[in-house]
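Here's the structure we're looking at; comments come further down.
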Amino acid sequence: MKMLQLETLLQAKDKLRQQIKANLNKLSQKEKDIQSTVVVNKVLSSKVFQECQRISIYLPMKNEVNTLPILRAMLNNGKQCFIPHYHNDDMIMSKLESWEHYEKLPINTWGIRQPTHFDLSNDAILNGGLDLILMPGLAFTKDGRRLGRGKGYYDKYLQKCEDLGLQPKTVALLFKEQLVDNVPISDNDKLVDFVFYPSEEEMSTSYIF
């Protein structure tokens, strides 16, 4: 990609990030709770989730769909659970043994829990692989285009999976304010297989966990 094209792409991504962040900041906690409940129900009832056993799940920041009910369900139903562990420019998926294990993890600077000891050899993709990755992000299209927060953690991780001959399914979880008509992407940006978000009708009939 030419330098000018790259600069234009990065500017377009940054502009969209700022727009989505502004929209998310306007959401009340109740609105986020209602939408999270809808998305959680979609995940738990989906064929892709039910058929997968080794699942990576992100732990939510304040303006992300709350995945903790999914985490509880995974642990209660005997699924193998892995969570993101970030260190500098690297991300691995670390095994989470139980809810008690989760509650004992320290909270990092982003306000989410993660293990303290980082070891690349502990990555799930080097120890049995992953069937499914539940992914966060800022903006998405219905056909799976994704805009992350700019670090490239998940795009690089999915590339590592490809390099190892692994093909975990990917599911994006989002509020309806994060669904857009277009996301500017480059050749290095990975598409998401499934995009789960609430419709207006689903929100009107939802209950909160």
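What you see below is based on every heavy atom in this structure, not just the backbone, and it leaves out hydrogens, waters and symmetry mates.
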Side chain to side chain contact (heavy atoms under 4.5 Å, CB included), that's the test. Do Val171 and Val48 meet it? Break it down for me. CA-CA 9 Å; Val171 174; Val48 64; 4.1 Å; yes
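- In this structure, Ser36 contributes its side chain and Asp33 its backbone to no donor-acceptor pair below 3.5 Å.
- In this structure, Arg113 forms a cation-pi arrangement with Tyr102, its terminal cationic atom sitting closer than 6.0 Å to the ring centre and no more than 45° off the ring axis.
- Checked by atom type and distance alone, the side chain of Asp14 never pairs as donor or acceptor with a backbone atom of Leu10 at under 3.5 Å.
- Arg54 places a side-chain N or O within donor-acceptor distance of the main-chain N or O of Gly129, the cut-off being under 3.5 Å.
- Formation of a donor-acceptor pair under 3.5 Å by the Asn108 side chain with backbone atoms of Gly111 is found in this model.
- Salt bridge Lys13/Asp189: present, at least one basic N to carboxylate O contact under 4.0 Å.
- At least one side-chain heavy atom of Lys142 sits under 4.5 Å from a side-chain heavy atom of Leu179.
- For Ser56 against Met93, the heavy-atom pair with the smallest separation is OG-SD, 3.0 Å.
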Please walk me through it: do Phe196 and Val38 pass side chain to side chain contact (heavy atoms under 4.5 Å, CB included)? CA-CA 9 Å; Phe196 287 0; Val38 172; over 6 Å; no
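- Counting only distance, with no hydrogens or angles, the side chain of Asn122 and the backbone of Ser94 share no donor-acceptor pair below 3.5 Å.
- Ring-centre distance between Tyr153 and Tyr86: below the 6.0 Å cut-off.
- Here the closest non-hydrogen pair linking Pro69 and Val40 is CB-CG1, 4.0 Å.
- A distance of 12.0 Å separates CD in Gln178 from NZ in Lys21, rounded to the nearest 0.5 Å.
- Once rounded to the nearest 0.5 Å, the distance linking CG of Leu105 with CD of Gln114 reads 8.5 Å.
- A 4.5 Å side-chain heavy-atom check between Arg145 and Leu191 finds at least one atom pair inside the cut-off.
- With respect to Arg149 and Glu64, a salt bridge is recorded, a charged nitrogen being found less than 4.0 Å from a carboxylate O.
- Residues Arg146 and Pro136 share a closest heavy-atom pair of NE-O, 2.8 Å.
- A continuous path of ILVMFWY side-chain contacts below 4.5 Å connects Val192 to Val43, so both sit in one hydrophobic cluster.
- Taking 4.5 Å as the limit, some side-chain heavy atom of Thr141 sits within range of a side-chain heavy atom of Val180.
- With rounding to the nearest 0.5 Å, the separation of NE2 in His85 from CG in Leu59 is 11.5 Å.
- Electrostatic pairing of Glu162 and Lys190 counts as a salt bridge here, judged by a charged N lying under 4.0 Å from a carboxylate O.
- The distance from the CG atom of Asp123 to the SG atom of Cys161 is 7.5 Å, given to the nearest 0.5 Å.
- A cation-pi contact, defined as under 6.0 Å to the ring centre and within 45° of the axis, links Lys42 to Tyr197.
- Checking side-chain atoms of Asp119 against main-chain N and O of Ser121 turns up a donor-acceptor pair under 3.5 Å.
- In this structure, Pro60 and Val65 have side chains that are not in contact, with every pair of non-hydrogen atoms separated by 4.5 Å or more.
- A donor-acceptor contact shorter than 3.5 Å is absent between the side chain of Thr67 and the backbone of Ile70.
- Here the shortest heavy-atom pairing between Leu134 and Tyr58 reads O-CD2, 3.4 Å.
- Cluster membership for Ile92 and Leu164, using ILVMFWY side-chain heavy atoms within less than 4.5 angstrom, is not shared.
- By the rule that hydrophobic residues join a cluster once side-chain heavy atoms approach within less than 4.5 Å of another member, Phe82 and Trp99 end up as members of one cluster.
- In terms of heavy-atom proximity, Ile20 sits nearest to Ala139 at CG1-CB, 3.9 Å.
- A side chain to side chain contact (heavy atoms under 4.5 Å, CB included) with Leu138 is found for exactly one of Leu174, Asn63, Val183, Leu24, namely Leu24.
- In this structure a side-chain-to-backbone donor-acceptor pair under 3.5 Å is present from Asn66 to Leu68.
- For Asn76, the CG atom counts as densely surrounded, since its 6.0 Å shell holds more than 12 non-hydrogen atoms of other residues, nucleotides or ligands.
- The 12-atom threshold is exceeded at NZ of Lys176, counting heavy atoms of other residues, nucleotides or ligands nearer than 6.0 Å.
- Between the NZ atom of Lys26 and the CD atom of Glu31 there is a distance of 11.5 Å, given to the nearest 0.5 Å.
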Trace of the side chain to side chain contact (heavy atoms under 4.5 Å, CB included) decision for Phe140 with Leu147: CA-CA 6 Å; Phe140 303 86; Leu147 178 69; over 6 Å; no
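- In this structure, Ile55 and Ile133 have side chains that are not in contact, with every pair of non-hydrogen atoms separated by 4.5 Å or more.
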I'd like to know whether Gln159 forms a side chain to side chain donor-acceptor pair (under 3.5 Å) with Asp155, so could you lay out the CA-CA distance, the side-chain angles of the two residues, the decisive distance to 0.1 Å, and finally the verdict. CA-CA 6 Å; Gln159 185 59 56; Asp155 291 321; over 6 Å; no
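- At a cut-off of 3.5 Å, with distance as the only test, no side-chain donor of Gln19 or Asn23 sits close to an acceptor on the other residue.
- The 12-atom threshold is exceeded at CG of Asn182, counting heavy atoms of other residues, nucleotides or ligands nearer than 6.0 Å.
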Leu173 vs Met135, test: side chain to side chain contact (heavy atoms under 4.5 Å, CB included). Steps then yes/no. CA-CA 6 Å; Leu173 312 183; Met135 297 176 62; over 6 Å; no
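- Residues Gln53 and Gln80 are not in side-chain contact: their nearest non-hydrogen atoms beyond the backbone lie 4.5 Å or more apart.
- How far OG1 of Thr170 is from CG of Leu158: 6.5 Å, rounded to the nearest 0.5 Å.
- Minimum interatomic distance between Gln35 and Glu177 (heavy atoms only, all atoms of both residues): NE2-OE1, 3.0 Å.
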